[in-house]
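Some notes on the structure that comes next.
Each chain gets a letter, A, B and so on, in the order the sequences are listed, and its residues count up from 1. FYI, side chains are in, hydrogens and waters are out, and symmetry mates aren't considered; it's all heavy atoms of this structure.
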Protein chains: 2
Amino acid sequence: MSISTPPAEAAACCAPLTAQPLDADAAEAVVPLLKALADPVRLRIVSLVAAHEGGEACVCDLQEAFELSQPTISHHLKVLHTAGVLDREKRGTWAYYRVRAETLGSVAALLAAPAGVGTSERTPGCD
Amino acid sequence: MSISTPPAEAAACCAPLTAQPLDADAAEAVVPLLKALADPVRLRIVSLVAAHEGGEACVCDLQEAFELSQPTISHHLKVLHTAGVLDREKRGTWAYYRVRAETLGSVAALLAAPAGVGTSERTPGCD
DNA sequence: ACCGGACATCGACCGAGGTGAATATTCACC
DNA sequence: GGTGAATATTCACCTCGGTCGATGTCCGGT
């Protein structure tokens, strides 16, 4: 349980990969999250859900936005949900998704590069 | 030239995808950058280059860190370079790569979620 | 209880991409 | 100028993943 796929919290808090080398294990842990976002449809889904009224959207809302089959949309939602990017809540017949800001934030923190990436530059305010 | 693949500046400055829906064209522009990072080897390469002495590393430095063939490393470097993540400078026989902090920063800004992602929340301080 | 609608799962197809062997290219050195 | 080393390119293989059709499951309404 602790090994297989801890998706979201992988890119924990303050470990910008510009600070120190990422070991193979850490890389493998973060990649699923980036993979989940590295798709035009999924990226738009995340954006649509986040910007949707109430910060949530059901599958039917998303189906209208794409020229894709319903199973495909559902597949992308599953990927994003598994990666910890989207939260899923079923209310009646409809399934509502909303963005986990913390997950996106952790990825952002991982990539956030301090201005001077040089050698002896100290990484500011991260603790 | 303006259409094909403007890789780096795609995820420009302040357009967190949690603010407003990302149109298909913008998504297609950003995705190559995320795709470039969504690989364990490439993620480690970026990290190794950034954390390497002087903020730069040559191919030979990276070859030691992975159990991969030289063409494969070179391929990953090409992907990262094409995506605008790495800068390439050839000095003599060696090719030195260094991280483009601005590129990583733009991705981070894209994913950086303001605390309240709700409906009428205004996206703070980004201009 | 039956039926229809919303969403998920399954199976299959197919293009995209990571990988390595062989080869090309470019440069430093003698 | 020839030789060897460092890196890039080409080609082919094979796995991964996005897509869709068919089907399953669950819920609400009649």
Side-chain angles (χ1 to χ4, degrees), chain A residues 4-5 7 22 24 27-46 48-49 52 56-83 85-98, chain B residues 4-5 7 22 24 27-46 48-49 52 56-83 85-98:
Chain A
S4 53
T5 28
L22 209 65
E28 295 283 355
V30 180
V31 158
L33 231 165
L34 286 166
K35 271 191 192 304
L37 295 171
D39 180 276
V41 173
R42 287 199 288 267
L43 205 58
R44 289 182 62 200
I45 287 181
V46 172
L48 282 169
V49 169
H52 199 265
E56 64 180 11
C58 67
V59 182
C60 54
D61 291 328
L62 300 170
Q63 255 182 274
E64 301 170 357
F66 301 94
E67 294 185 348
L68 293 173
S69 69
Q70 175 266 322
T72 299
I73 299 289
S74 206
H75 163 68
H76 285 307
L77 286 170
K78 183 191 184 72
V79 172
L80 288 169
H81 176 58
T82 303
V85 179
L86 294 184
D87 266 339
R88 181 175 174 275
E89 183 191 353
K90 192 136 189 188
R91 291 205 297 270
T93 314
W94 292 272
Y96 290 89
Y97 288 86
R98 57 173 55 237
Chain B
S4 52
T5 29
L22 209 66
E28 295 282 354
V30 180
V31 158
L33 231 165
L34 286 166
K35 269 190 192 306
L37 295 171
D39 180 276
V41 173
R42 287 200 288 269
L43 205 58
R44 289 182 61 198
I45 287 181
V46 172
L48 282 169
V49 169
H52 200 265
E56 64 180 12
C58 68
V59 182
C60 55
D61 291 328
L62 300 170
Q63 257 181 272
E64 302 170 357
F66 301 94
E67 294 184 350
L68 293 174
S69 68
Q70 175 267 322
T72 299
I73 299 288
S74 206
H75 162 68
H76 286 308
L77 286 169
K78 183 192 182 73
V79 172
L80 288 169
H81 176 59
T82 303
V85 180
L86 293 184
D87 266 339
R88 182 175 173 274
E89 183 191 353
K90 192 134 189 191
R91 291 204 299 268
T93 313
W94 292 271
Y96 290 89
Y97 288 86
R98 57 174 54 236

Given [N], is OP1 or OP2 found less than 4.0 Å from the side-chain N or O atoms of [X]?
{"X": "A/R42", "N": "D/dG18", "value": "yes"}
{"X": "B/R88", "N": "D/dT7", "value": "no"}
{"X": "A/Y97", "N": "C/dA8", "value": "yes"}
{"X": "A/T93", "N": "C/dA6", "value": "no"}
{"X": "A/T72", "N": "D/dT19", "value": "no"}

Integer-rounded Å distance: [N] [atom2] and [X] [atom1]:
{"X": "B/F66", "N": "C/dG20", "atom1": "CZ", "atom2": "P", "answer": "12 Å"}
{"X": "A/H76", "N": "C/dA8", "atom1": "NE2", "atom2": "P", "answer": "13 Å"}
{"X": "A/D61", "N": "C/dA6", "atom1": "CG", "atom2": "P", "answer": "12 Å"}
{"X": "A/K35", "N": "C/dG17", "atom1": "NZ", "atom2": "C1'", "answer": "9 Å"}
{"X": "A/L77", "N": "D/dG18", "atom1": "CG", "atom2": "C1'", "answer": "14 Å"}
{"X": "A/W94", "N": "D/dC26", "atom1": "CH2", "atom2": "C1'", "answer": "13 Å"}
{"X": "A/L68", "N": "D/dG17", "atom1": "CG", "atom2": "P", "answer": "18 Å"}
{"X": "A/E67", "N": "D/dT19", "atom1": "CD", "atom2": "P", "answer": "12 Å"}

Touch class at under 4.0 angstrom, heavy-atom based, for [X] against every strand present:
{"X": "A/K90", "result": "nothing"}
{"X": "A/R91", "result": "nothing"}
{"X": "A/I73", "result": "nothing"}
{"X": "A/H75", "result": "base"}

Using heavy-atom distances to pick each residue's nearest nucleotide on DNA chain D, tell me which of A/V79 and A/G92 is more 5'.
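Going by which nucleotide is closer to the 5' end, it is A/V79.
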Heavy-atom distance under 4.5 Å between the side chains of [X] and [Y], does that happen here?
{"X": "A/L34", "Y": "B/L34", "value": "yes"}
{"X": "A/F66", "Y": "A/R44", "value": "yes"}
{"X": "A/T72", "Y": "A/V41", "value": "no"}
{"X": "B/L62", "Y": "B/L77", "value": "yes"}
{"X": "A/V79", "Y": "A/H75", "value": "yes"}

Side chain of [X] only, please: which of [options] is the nearest?
{"X": "A/C58", "options": "D/dG17, C/dA8, C/dC7", "result": "C/dC7"}
{"X": "A/A95", "options": "C/dG20, D/dT7, C/dC7", "result": "C/dC7"}
{"X": "A/V59", "options": "D/dT7, C/dC7, D/dG18", "result": "C/dC7"}

Opposite nucleotide pairing with C/dC13, Watson-Crick or G-U, both atom distances under 3.5 Å:
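Per the H-bond distance test, D/dG18.
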Residue pair A/L48 / A/A65: nearest heavy atoms and the distance that separates them:
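For A/L48 versus A/A65, the nearest heavy atoms are CD1-CB, 3.6 Å.
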Is the base of D/dA6 touched by the side chain of B/Q70 through a donor-acceptor pair closer than 3.5 angstrom?
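By the distance-only test, no, there is no pair.
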